[in-house]
Amino acid sequence: MTTRRWQLAHGRHLDLGPKAVVVGILNVTPDSFSDGGLFIAADKAIAQARRMVKEGAAVIDVGGESTRPGFAPISAEEEQARVLPVIEALAGSGEALISVDTYREDTARRAVAAGAHIVNDVWGLQREPGIARVAAETGAGLIIMHTGRERQKLPDAIEDQFLFLRKSLEIARAGGVADGQIVLDPGFGFAKETTEENLDLMARFSELVALGFPLMAGTSRKRFIGGVTGREPAERAAGTAATSVILRLKGADLFRVHDVAINVDALAVADAMLARENDLPPGR
C-alpha cells in the first residue's frame, strides 16, 4: 500500500496508507448530539484527550461549536474561549497531534498559533475561504469536508461529492495550500438525511479515491447507524467500528470517532487483512 506524507503545522507530519489513523473527537460543547456537556470544562476535556491518546488516537480533534442538525451558532469569541485553553494544554504536553474543528478563519489562525497542527473545516472552505490562507501561511494540515447544507445537491451522491470538493480544492489551491496538506472527508450525515443515503455513500466510497487525496471517514455514532441498529447515540460504538472496517477496506485513511479503543482494534484487524492480502501471490 502506498504511503503518503501528510504535512502539518509546526514541522510535524503523518504518514498515511499502511495503517489506519484514528482521530479522537473532543467536543468542548454543551450541545453536541451524543456527548454535549460532558467535556465543556477544560480539565475534563484534557483528561478525555489523554484517555483517547492512551487508547490509540493519533490526533485529537477539538471542537467548540456543535455541528449537529439544528445546532445553535455561537460567536467566534465563545468558540475560541472553549477550544484555545484545551489546545494550549495539549500542545504543551506534546501527547498528540491536535486538530481544530472550525469553519472560522480567525479561530483557525488562533488555534494553530496555540499549537494545533490541523484545521478541520466542515464547510469545505466555502463558508470562510480565508481558512485556506491560514493553512498556506502556517503549513497546517487541512481537512476539507463535503456538506449538502444550505444548497441544492445533485441527485447522484458521488457526482455531488466531486462537484463540491473540486470547488473546495480550487479555493485551497488559490489560497496557496499544497496538495500534501490536504485530506478530504465526504461528510457522512451532513445533509445526507436518510439511512439509505449514507449507506449508498459507504457502498460507493471507493469512487472517491479518484480525487487523488487521502480520505477521512466520520461516521461515529451517526443517526444512520442508529437507523440500522436501533441503538441510541451512546450505544453505537460497535456499529461505528463496523463502518470503520468497511470504509478502511474501501480506501479510507483516517477515522474520526468518539469511541477510540474499539475502533483501534477493529481497524488493526482490517489493516492486518489488507497487509496479508497484499502479500499473497496473484491468483491466491
Minimum heavy-atom separation for [X] to [Y], with atom names?
| X | Y | answer |
| --- | --- | --- |
| A76 | R104 | CB-CD, 3.6 Å |
| V86 | A45 | CG2-CB, 3.9 Å |
| L84 | A114 | CD2-CB, 4.2 Å |
| I182 | A172 | CD1-CB, 4.1 Å |
| A96 | A58 | CB-O, 4.1 Å |
| G175 | A136 | O-CB, 3.2 Å |

Beyond-backbone contact of [X] with [Y], side-chain heavy atoms, under 4.5 angstrom:
| X | Y | result |
| --- | --- | --- |
| V122 | T147 | no |
| E55 | V264 | no |
| I143 | I118 | yes |
| L90 | I60 | yes |
| V100 | N120 | no |
| L8 | L97 | yes |
| F224 | M202 | yes |
| L274 | L249 | yes |

Assess whether a salt bridge exists between [X] and [Y], defined as any Lys/Arg side-chain N lying under 4.0 Å from an Asp/Glu carboxylate O.
| X | Y | value |
| --- | --- | --- |
| D106 | R110 | yes |
| R223 | E193 | yes |
| R151 | D160 | yes |
| R236 | D259 | no |
| D271 | K19 | no |
| R109 | E105 | yes |

Do [X] and [Y] belong together in a cluster built from hydrophobic side chains that touch within less than 4.5 Å?
| X | Y | answer |
| --- | --- | --- |
| W6 | L211 | no |
| L267 | V53 | yes |
| V112 | V59 | no |
| V183 | L165 | no |
| F164 | V209 | yes |

Quick check: does any side chain N or O of [X] sit under 3.5 Å from a backbone N or O of [Y], one acting as donor and the other as acceptor?
| X | Y | answer |
| --- | --- | --- |
| E79 | E65 | no |
| N198 | F188 | no |
| K192 | P186 | yes |
| K54 | M52 | no |
| E159 | D156 | no |
| D185 | G187 | yes |
| T243 | T219 | no |

Should the heavy atoms of other residues, nucleotides or ligands under 6.0 Å from CZ of R4 be counted, would the total exceed 12?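 Yes.
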
What distance separates [X] [atom1] from [Y] [atom2], expressed to the nearest 0.5 Å?
| X | Y | atom1 | atom2 | answer |
| --- | --- | --- | --- | --- |
| T102 | Q80 | OG1 | CD | 8.0 Å |
| R256 | M216 | CZ | CE | 6.0 Å |
| L247 | F205 | CG | CZ | 5.5 Å |
| R248 | L254 | CZ | CG | 9.0 Å |
| H10 | T138 | NE2 | OG1 | 7.0 Å |
| I25 | H258 | CD1 | NE2 | 4.0 Å |

Let me see the working for E207 and R204 under salt bridge (charged side-chain N to carboxylate O under 4.0 Å, His left out), right down to the final yes or no. CA-CA 6 Å; E207 295 178 46; R204 299 180 64 188; 2.8 Å; yes

Would V257 and V23 count as a side-chain contact (heavy atoms from CB on, under 4.5 Å) here? Give the steps. CA-CA 6 Å; V257 301; V23 178; over 6 Å; no

Test side-chain contact (heavy atoms from CB on, under 4.5 Å) on K222 and F190 and set out the steps. CA-CA 10 Å; K222 292 288 173 73; F190 281 76; 4.0 Å; yes

Parallel, tilted or perpendicular: rings of Y103 and W123 (30°, 60°):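 It falls in the perpendicular class, over 60°.
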
Are a donor atom and an acceptor atom from the side chains of N263 and S244 found within less than 3.5 Å of each other?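 Distance-only check passes for N263 and S244.
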
Indicate whether the side chain of K153 and that of H146 have a donor and an acceptor atom separated by less than 3.5 Å.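 There is no such pair between these side chains.
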
Any chance you could lay out the side-chain contact (heavy atoms from CB on, under 4.5 Å) test for V21 and L16, step after step, and finish with the verdict? CA-CA 7 Å; V21 172; L16 305 176; 3.7 Å; yes

Testing L125, D179, I144, V177 one by one against L169 for a side chain to side chain contact (heavy atoms under 4.5 Å, CB included), which residue passes?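 With L169 as partner, L125, D179, I144, V177 yield a single side chain to side chain contact (heavy atoms under 4.5 Å, CB included), made by I144.
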
